[in-house]
Number of protein chains: 2
Amino acid sequence: MADRTSHRAAPVHSHPDEVSILTALTALADPVRIQLVRELAGSAEWTRACGSFDVPVGKAALSHHFGVLRAAGLVEQRDEGPKRVNRLRREEFDARFPGLLDLVLREDAC
Amino acid sequence: MADRTSHRAAPVHSHPDEVSILTALTALADPVRIQLVRELAGSAEWTRACGSFDVPVGKAALSHHFGVLRAAGLVEQRDEGPKRVNRLRREEFDARFPGLLDLVLREDAC
DNA sequence: GGGACTGTATGGTTCTCATCGAACACTTCG
DNA sequence: CGAAGTGTTCGATGAGAACCATACAGTCCC
């Protein structure tokens, strides 16, 4: 088999098209994940590593939350050296669930 | 004190305007409540009593789910004789969270 | 009044989910 | 190689949600 640059297991992704509305709503019905999505929306793509978010949880819980966001088709991840950088799947997710992401991003309060 | 026609405690409602996005998403992130909202959307207003829904839970749990929907500003209830009839707050909820209700109602699968 | 019907409240069980600490894997750099 | 940095996995814990069975409170009709 072909050798790759990284020997690390690639993160498992779901495309928004294969995601149910229930999964999408469940993923967004959490204050920590809402904050992650919002911060991600305010940054350029592929610029934020997982550990760079200002959330009041340890890194184990943080890793779990990113797993949920990936499974819901909300976030895409790529390994860049020792870091894992993120990208919000705005267009794809909006095509599948029009307006949902806008709603979460538009709100000020929680 | 003034006597009223009903001696039953009126149900506690929340208007969608006082509801946070987190509360709204949490209320909709449940298969039973999604089904309730969908059935309600397919019926005329004030025609469905709480017990008339085809959901696989007992009436105690059902009462709880309607409480959550009321608190999220999704459902309005009124006493009509021994029954408590429901109405989906489509316009009000849509004004507060544009597109969210449409999304839940548009989907076929869960 | 008495009985049937509808929904709520209470108490208790079960289950899921968010969280943490610790151990582990991989990358980079000295 | 060894140390530092980043993120995942595992096991355990705690909080909250969903659920049921039962008891209770109104309403309607005979």
Side-chain angles (χ1 to χ4, degrees), chain A residues 3-13 22-37 40 46-72 75-87 110, chain B residues 3-13 20 22-37 39-40 46-72 75-87 110:
Chain A
D3 198 20
R4 286 180 294 109
T5 52
S6 172
H7 292 167
R8 191 200 237 157
V12 182
H13 286 100
L22 182 59
T23 301
L25 291 175
T26 304
L28 289 171
D30 179 279
V32 173
R33 290 194 287 265
I34 286 184
Q35 190 174 342
L36 291 177
V37 168
L40 213 41
W46 306 121
T47 61
R48 303 292 302 270
C50 292
S52 73
F53 292 82
D54 185 27
V55 285
V57 295
K59 57 181 190 171
L62 192 56
S63 182
H64 161 68
H65 284 303
F66 272 109
V68 174
L69 292 177
R70 278 199 316 266
V75 162
E76 191 176 4
Q77 294 184 320
R78 173 211 294 174
D79 285 343
E80 214 163 78
K83 306 192 175 180
R84 184 159 278 189
V85 290
N86 298 276
R87 170 193 161 253
C110 224
Chain B
D3 200 18
R4 288 179 293 108
T5 53
S6 172
H7 292 169
R8 191 197 281 183
V12 182
H13 286 100
S20 71
L22 182 58
T23 302
L25 291 174
T26 304
L28 289 171
D30 179 279
V32 172
R33 290 193 288 267
I34 285 184
Q35 190 174 343
L36 291 177
V37 168
E39 279 195 45
L40 213 41
W46 308 120
T47 61
R48 303 293 302 270
C50 292
S52 73
F53 292 83
D54 185 28
V55 285
V57 296
K59 58 179 187 171
L62 191 56
S63 182
H64 160 69
H65 283 304
F66 272 108
V68 174
L69 291 177
R70 278 199 316 266
V75 163
E76 191 176 3
Q77 294 185 320
R78 173 210 296 173
D79 286 344
E80 214 163 77
K83 306 193 174 177
R84 185 159 277 189
V85 290
N86 298 276
R87 171 193 160 252
C110 224

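A note on names: the letters A, B, ... follow the listed sequences, proteins ahead of strands, and every chain is numbered from 1. Only heavy atoms go into these numbers, but all of them, side chains included; no hydrogens, no water, no symmetry mates.
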Answer whether the closest heavy-atom distance between the side chains of [X] and [Y] falls below 4.5 Å.
| X | Y | answer |
| --- | --- | --- |
| B:Ser52 | B:Glu39 | no |
| B:Val68 | B:Thr26 | no |
| B:Arg78 | B:Glu80 | yes |

Write down the distance between [atom1] ([X]) and [atom2] ([N]), rounded to a whole number of angstrom.
| X | N | atom1 | atom2 | result |
| --- | --- | --- | --- | --- |
| A:Leu36 | C:dA18 | CG | P | 12 Å |
| B:Gln77 | C:dT8 | CD | C1' | 11 Å |
| B:Arg84 | C:dC5 | CZ | C1' | 15 Å |
| B:Lys83 | C:dC5 | NZ | P | 11 Å |

5' precedence on DNA chain C between B:Val85 and A:Thr26 (nearest-nucleotide basis): B:Val85
- request: On DNA chain C, check which nucleotide each of A:Val68 and B:Ala49 is closest to and give me the residue with the more 5' one.
  value: B:Ala49
Of all heavy-atom pairs between [X] and [Y], which one has the smallest distance, and what is that distance?
| X | Y | result |
| --- | --- | --- |
| A:Trp46 | A:Arg87 | CZ2-CD, 3.4 Å |
| B:Ala9 | B:Asp79 | O-OD2, 4.4 Å |
| B:Cys50 | B:Gln77 | SG-NE2, 3.4 Å |

- prompt: What is the 5' to 3' range of DNA chain D, first to last nucleotide, that sits under 4.0 Å from any heavy atom of chain B?
  reply: D:dA18 to D:dC28
task: Check whether any side-chain nitrogen or oxygen of A:Arg33 sits under 4.0 Å from OP1 or OP2 of C:dA18, and answer yes or no.
output: yes
query: So, A:Arg48 side chain and A:Leu40 main chain: donor-acceptor pair closer than 3.5 Å or not?
result: no
task: Enumerate the residues from residues 58-67 of chain B whose closest heavy atom to DNA chain D is under 4.0 Å, giving them by residue number; use none for an empty result.
output: B:Gly58, B:Ala60, B:Ala61, B:His64, B:His65
query: B:Asp30 near the nucleic acid: base, sugar-phosphate alone, or nothing, with a heavy-atom cut-off under 4.0 Å?
result: sugar-phosphate
query: Among A:Val32, A:Val55, A:Val75, which residue meets the side-chain contact (heavy atoms from CB on, under 4.5 Å) test with A:His65?
result: A:Val32
- line: Interatomic distance, CG@B:Leu62 vs CZ@B:Arg33, rounded to 0.5 Å, equals 11.5 Å
